[in-house]
Structure formats: structure tokens, C-alpha cells
Amino acid sequence: MELFEDYFSDYNKSVVYENQRVSGTDYADVKKAITELLELFLSNNFLHPVISSAGTLTNRFFMPSDITTGDRAYMLSRIVYYNQLKSQGSNTLVVPFQLEDAGALFVSDGVVAGDIVTNNVNFLSATVLAVIGQTQLLLDTDIFTATPVTYSIFSSVSLSEAEPVTDGKITALSISPLTAPSTMFPAYTLNSEFMATYPSILTGYGSVRASYFRYPREPKWTYITLINGEPAFDQTQPDYQDFELPLEDEYKLVMKILQYCGISIRETQVVQYAMSQEQQGSAN
Amino acid sequence: MAYISQYQYYANSGNTPEDANWGSYQYVSLQDIVTNFLLMYSGNHSLVNNEERYKILFHAKRAIQELNYDAFKEIKVLELTVAENLKFVLPSDYVNWVRISLYKNGYLRPLSENIQALSSDAYLQDNNGKILFDINGNILRPQDSMIDYDRLHKLKKSIYLNQGNQFNGQMGWCVDGDWYFDYAIGARFGLNTETANFNPTFNVDKKAGVINFDSSMVNELCILEYVSDGMENGDNSLITVNKMFEHYIYAAIKYEILNSKFGVQEYVVSRARKEKSALLRNAKIRISNIHPGRLLMNLRGMDKTIK
């Protein structure tokens, strides 16, 4: 995590250098390299709506989490609102990688390849690969495994970006007719659990998508237990997870591990050595 | 606004209304303005940096409002019949009037603004002139003030030379082809040209949101030409700007942000202000559409003798 957080401060430093005209050209484009590195952790997912106690959709959405999106957000990059709902209904037949609804009029509704289909029961989404007919769509992901399941189809090109606003500002912003959030210029606020979108008509799964930097996956050293009781490393295990770091940071990682090991075994010299090596590395 | 096919333009792709896209190419949308500004005039190497989008949106809308008041020349027109109450309720997007006319017998007759009051509020008073209140301490009002009552019942006299004029219908003598009238005091010499108009007159009551007319306007068709602020009743998707003013809008947003930001050097602000003013002048000249063909028609009358 320390190394991961350092990437953001390194990015900031590179921006400062660039503004001071001491970096940023050709092979000295440090910012570009760090940007590419950071984007490895960029995740894109639809946010799950909060259902009120009355069973209705609200303008609140759960922040990315292990339960909803399968990962947690370190920092939100942008929130996109898909503002054109093209079609909605319930499927009538289960066909792998397809959406079939006998009552649908997909062609008449203007559904085209690239549009987004959401399963509003299990909160999975897919992209339309082809419109087979008025009642059939070919999808890139198999998200319909039962009937009847409600779905929504959104245009992938008709969208607007929501602006982050602090909770202290949203009231004043909403009152002013010139700045009030609209479907064209939406806004959102955050609290510990939820994200609230404005105007409050922005509801429903599939309409709000978050782009965020996720936390690096926790490394997991998987093993098999040998007959004599000694564990042996086995990376073929399904839950195996390597460090999500670029090769050039291997040295930094080793030094960090050395530091923590030194602290753990109370070996001052080891800690000091690791720290001096780290400082030397960052000075270079 | 995205580029569209000819079929989309002329026939709205077969949808209704057919004219939805006619003339749309003249305009750039509010969304495009805000997005373009964020992309092109804001960022790490730009004068404007780290500004919230809502500020850019606010300044863009303010600039559009200002343009609508005098530069756009996009005048809206509304026709309504003036009913028995002699009022014309201002349109919901009304900001200021340009011209108010009476449409009668196929002619459009521009009306004059009455220089006198046509309507008034009134309080009930007792015989000693004291104002009357109800038990809650609220002032009691008559249904109509006397001036309103007289106007609504065609009793109010007018200083204009129309049917309500105080001299209209007075007896006179025709001697050798000239008319002579007997007036109560003094005599009348010449004509007050300011009030020498036969047409009905009006007053705009801005706070009440109505145009009050004199009694000769009852059941007549009124054509109101007015300007709005371009905010399209709060529907951002309908707010547009003529492309002639696109560059000006960017300059106006930039200036407003720099002008209100702490620590920006005065010469930077000054440069932004000059850029904004210059672009506004250029855009106004362009939108004026001054070209030889138009001038020619006016200049053809230059040699005409003025009698």
C-alpha cells in the first residue's frame, strides 16, 4: 500500500516539475510513465443503487466494495451518468449470451451495437454485440440465466459526467437556477457508505458508472501441504494473487519487506540498512 | 451540436416535429461550450486551473444571458387577445419588451407607451382619510382603484389623441372651412406631438407581470415583441449560442474566473477583459449582417428631397 500511495505523490511531483519546465519532454516524460502505471489500477463498474425501505429506487448508490463491485475504491476518478434509457422490460427466454424478450421492440427503440444492457436483479451488465431482431440481442457477457428478469438498455454514447461536490455546497448549488445539477450537468456527494446523485431523478442500476482507482489486490501466497507438513509454494491455486507492482519496483518492495521484517525481529541494523537503501533509491 | 445527416436535418429522421433540427447548425449548445472550455482553456498549463465545473457553467450562462439582452437580436413574438380586464400577462420567459403592437384589419400598428399611470393600487379609507384595517391588521383594499375602475369602464380620459381624449366629441363651429372649439380655460395652440397618436396606449407593470392597456384595446389582438434571457425555462439541453459568439463566450468565462480569483496579476485580468470586449464587438458587427446589398436599399433614397 505504501508503494501504491507513493505513485500518487510521484505523479504530483511530476506535474510540478512539468509546470516548472524541468521535465515532461520526450523520454523525460515522467508523468506519462506514472499515468500509465496508475491506470493499471483503474476500474470501471456500474454502481449498485440503494433500495429504500418502501422498495423504491433512490438517488443513492453504494460505493464500490467487495460485495457490490468486487473491489474497493481508493479514489474516484469520475462518475458517468447514462442519460438515455432506450428500452426496458423482462426477458422471456434464457439463451446463453443473448437477451430475448418476446414483447420487446429493440430495433424500433433504436438499440444498436455498443449499447449497455443491465440485469436489474443480479446487477450484472453486458454490451450489445449485435441486434439480431426486434426481440433478440447478442451480448458480450452471459448475464441472463433465469426468467423473468428485468433489464434496462442504455445508450453508450449519450452520457454526462457528474461533478464531485462537497456536502456543504450541494444545497446552495441546488437552489441557484443557474447552477442547479441537471441530467446534462449532474453532481454527486459522498459520505462514508453512499454516493448521492443530483438531480435526485438519477436512479437505477445501469445509469451510473464509476471509474475509480481500486486498491491493489492483496497478495496471497498459496501453497500445498506436503506429507512431512512443510508447505510448498503453488501458484496454480485459484486464489493465488501476486503483487500488483511493476518490475522496476521489485527492489523497493524487497527493501520494504526487509524493513518490516527487521522491526518484527527487533533487528535495528536491518531496519537502518533497509531505510538507508530506500532513501538512497529515492534520492537517485 | 453533433453533425447530423441531411435526413435528420430536414425530416428529423421521420420523427415529429419535423422542424426540430432546422437551423440548428447556426448554434452551439451549452454542453459543448462547457466541455470545450474545460478541455481547451482550463488545465495544468492554462491560466484557468482547478476550477469547479459549476463555476464555468454559471459564467457561461451569465454570458449567454447578457448576450440575449442586446447582442443576439433574437426577438420572440407572442400574440394574445386583450380581454375585458385590459391586461396582457407577460410570457414566462419575458425579460424586456421591444415593441408592442395592435393587429387590426390586416395592419400592424405600433403602440405608444403611455407617459401617465394607467393602473394603481388603492387602500380603503374612512371619511377622515384614515386607512382601514381588518381584524388581523391587514390593510383593506377595494376591488379596483378608481383609476382602474374608470379605465375598465371606459370612463378614463386620455391625453392621447384617441377616442378617450378629453376633447373628443366636443362641440365646435365651422367657419369658412376652419373648425373652432370652445374650451373651458385658455386656448389650444399647436399639438403635443408626444401624445399625438390615435392608437391605444399601454404601461408595463413589471412587478405585477402584466401590460395594462387603455380601454380602446379591449378584445383586440396584441402582438408583443420581447427579449428573453436564453435560459429556456431551465432546460439546459435547449440553451444555445449563435456560433458568431462562441469565441466570445469562452473569453467571457475566462475573464470572469480570472477577475474573481485571488492572486491573479492585474495585467492578466486586463488582457482577458480586452480580449472579451474585442470579441464582443467583432461578434456584434458580424451578427449585424451589414453588407452592400442591405445598404443599397437604404441608400437608394438618399437623393430624395425632404419636404
Side-chain angles (χ1 to χ4, degrees), chain A residues 11-25 29-32 34-35 78-81 83-84 107-110 112 155 157-189 198-199 201-202, chain B residues 1-4 8 12-15 28-39 42-68 92-93 95 228-240 249 252-253 256-257 260:
Chain A
Y11 178 80
N12 186 47
K13 279 180 201 164
S14 70
V15 171
V16 173
Y17 288 149
E18 199 177 272
N19 287 347
Q20 291 170 345
R21 303 289 194 271
V22 294
S23 169
T25 311
D29 197 346
V30 182
K31 195 176 90 176
K32 181 171 175 279
I34 300 173
T35 305
R78 65 194 181 110
I79 299 291
V80 166
Y81 167 61
N83 51 29
Q84 190 186 352
V107 178
S108 307
D109 290 340
V112 292
S155 165
V157 292
S158 183
L159 49 90
S160 47
E161 196 172 325
E163 181 180 28
V165 177
T166 58
D167 193 53
K169 277 264 168 66
I170 191 67
T171 311
L173 200 71
S174 302
I175 290 170
S176 166
L178 294 184
T179 59
S182 60
T183 51
M184 186 179 278
F185 300 107
Y188 68 89
T189 58
Y198 298 88
I201 55 165
L202 310 192
Chain B
M1 188 158 289
Y3 294 107
I4 55 176
Q8 280 176 294
N12 193 17
S13 303
N15 300 315
V28 58
S29 69
L30 178 67
Q31 189 174 35
D32 285 352
I33 286 169
V34 173
T35 311
N36 291 345
F37 187 88
L38 284 166
L39 282 172
S42 162
N44 214 20
H45 293 291
S46 305
L47 286 171
V48 177
N49 193 17
N50 293 329
E51 286 295 344
E52 289 89 353
R53 188 182 65 189
Y54 63 78
K55 286 189 183 175
I56 291 161
L57 178 66
F58 172 81
H59 291 305
K61 285 186 174 180
R62 281 291 303 117
I64 293 170
Q65 283 181 323
E66 290 297 328
L67 288 175
N68 269 278
S92 58
D93 56 349
V95 171
S228 182
D229 66 350
M231 290 297 104
E232 304 296 344
N233 208 20
D235 188 345
N236 286 336
S237 64
L238 298 177
I239 298 174
T240 54
I249 296 276
I253 299 168
E256 293 296 344
I257 289 173
S260 57

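Remember, it's a predicted structure, so these values are computed and weren't measured experimentally. Chain naming here is simple, since letters A, B, ... match the order of the sequence lines and numbering starts at 1 in each.
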(message) Does B:N15 have more than 12 heavy atoms from other residues, nucleotides or ligands lying within 6.0 Å of its CG?
(response) yes

(request) Give the intermediate values and the outcome of side-chain contact (heavy atoms from CB on, under 4.5 Å) for residues A:L178 and B:Q65. (result) CA-CA 11 Å; A:L178 294 184; B:Q65 283 181 323; 3.9 Å; yes

(message) Would you say that B:E52 contacts A:V165 through its side chain, given a criterion of any heavy-atom pair below 4.5 Å between the two side chains?
(response) no

(request) Report yes if the side chains of B:L30 and A:F185 come closer than 4.5 Å at any heavy-atom pair, otherwise no. (result) yes

(message) Under a 4.5 Å cutoff for heavy-atom pairs, which residue among B:R53, B:R62, B:K61, B:K55 has the most contacts with chain A?
(response) B:R53

(message) Quick check for you: to the nearest 0.5 Å, what is the distance between A:S176 atom OG and B:F58 atom CZ?
(response) 6.5 Å

(request) Could you grab the distance from atom CE of A:M184 to atom CD1 of B:I239, nearest 0.5 Å is fine? (result) 8.0 Å

(request) Might you point out which heavy atoms bring B:N44 and A:E18 nearest each other, and give the distance in Å? (result) ND2-OE2, 4.3 Å

(message) With chain B as the partner, which of A:N19, A:T183, A:T179 has the greatest number of non-hydrogen pairs under 4.5 Å?
(response) A:N19

